[in-house]
Amino acid sequence: MSPVHPRCGTNLSVAMLLTAGLAVGINLALPKGPILQLLGLGAAAAAAAQLAPDAGSLAQRYVTTAIPFNLSVVDISVSQDFWGREAHFVRVRWVE
């Protein structure tokens, strides 16, 4: 199973995509009155905020951090980045 981090950029990307998609969808579905459009935009943003964490975790687990079938993990080493924070390097090997 792949590691999943709640502050990964994948989660942010999924949240933005969901918000934009729901906002456009609600805009096309509702009448063009400004009050209904604002209410629809609020509903789209609220729905995206509720769906994004779970959808982002799924996208992170099965898309961005999934190890392809032809790679195997050889070693994971801990090091430090430029600012002294902990970083990890994952060494993989191609499997024929």
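This chain uses plain numbering: 1 for the first residue, then up along the sequence. Please read these numbers as outputs of a predicted model, since none were measured by experiment.
- Of all the heavy atoms in H88 and V78, the pair that sits closest is CD2-CG2, 3.7 Å.
- For the atom pair CG (L22) and CG (N27), the distance works out to 12.5 Å, reported to the nearest 0.5 Å.
- Here T10 contributes atom OG1 and L17 contributes atom CG; the two are 12.0 Å apart, rounded to the nearest 0.5 Å.
- Tracing side-chain contacts under 4.5 Å through hydrophobic residues (I, L, V, M, F, W, Y), one never reaches V63 starting from V73; they form parts of separate clusters.
- Nearest heavy-atom pair, P31 versus Q37, reported as atom, atom and distance to 0.1 Å: O-NE2, 2.8 Å.
- Smallest separation of non-hydrogen atoms from V95 and L71: CG2-C, 4.4 Å.
- The shortest non-hydrogen separation linking A48 to T19 is CB-OG1, 3.3 Å.
- With sequence neighbours left out, the side-chain contact (heavy atoms from CB on, under 4.5 Å) criterion links D54 to no other residue.
- Taking CG from N70 and CD from E96, the interatomic distance works out to 8.5 Å, rounded to the nearest 0.5 Å.
- Put simply, CG on L30 and CD1 on I35 are 12.5 Å apart, with the number rounded to the nearest 0.5 Å.
- For the pair F89 and I76, the minimum side-chain heavy-atom distance is 4.5 Å or more.
- Under the 4.5 Å side-chain criterion, counting only non-hydrogen atoms from C-beta, E86 is not in contact with D81.
- Listed by chain and residue number, nothing satisfies the side chain to side chain donor-acceptor pair (under 3.5 Å) test with S13 (two or more places apart in sequence, or in another chain).
- Checked against side chain to side chain donor-acceptor pair (under 3.5 Å), R93 has the following partners two or more places apart in sequence or in another chain: S72.
- The minimum heavy-atom distance linking V14 with A52 is given by the pair CG1-O, 4.3 Å.
- Counting heavy-atom neighbours within 6.0 Å of L28 CG, excluding the residue itself, gives a total above 12.
- Considering all non-hydrogen atoms of both residues, N11 and S57 come closest at OD1-N, 3.6 Å.
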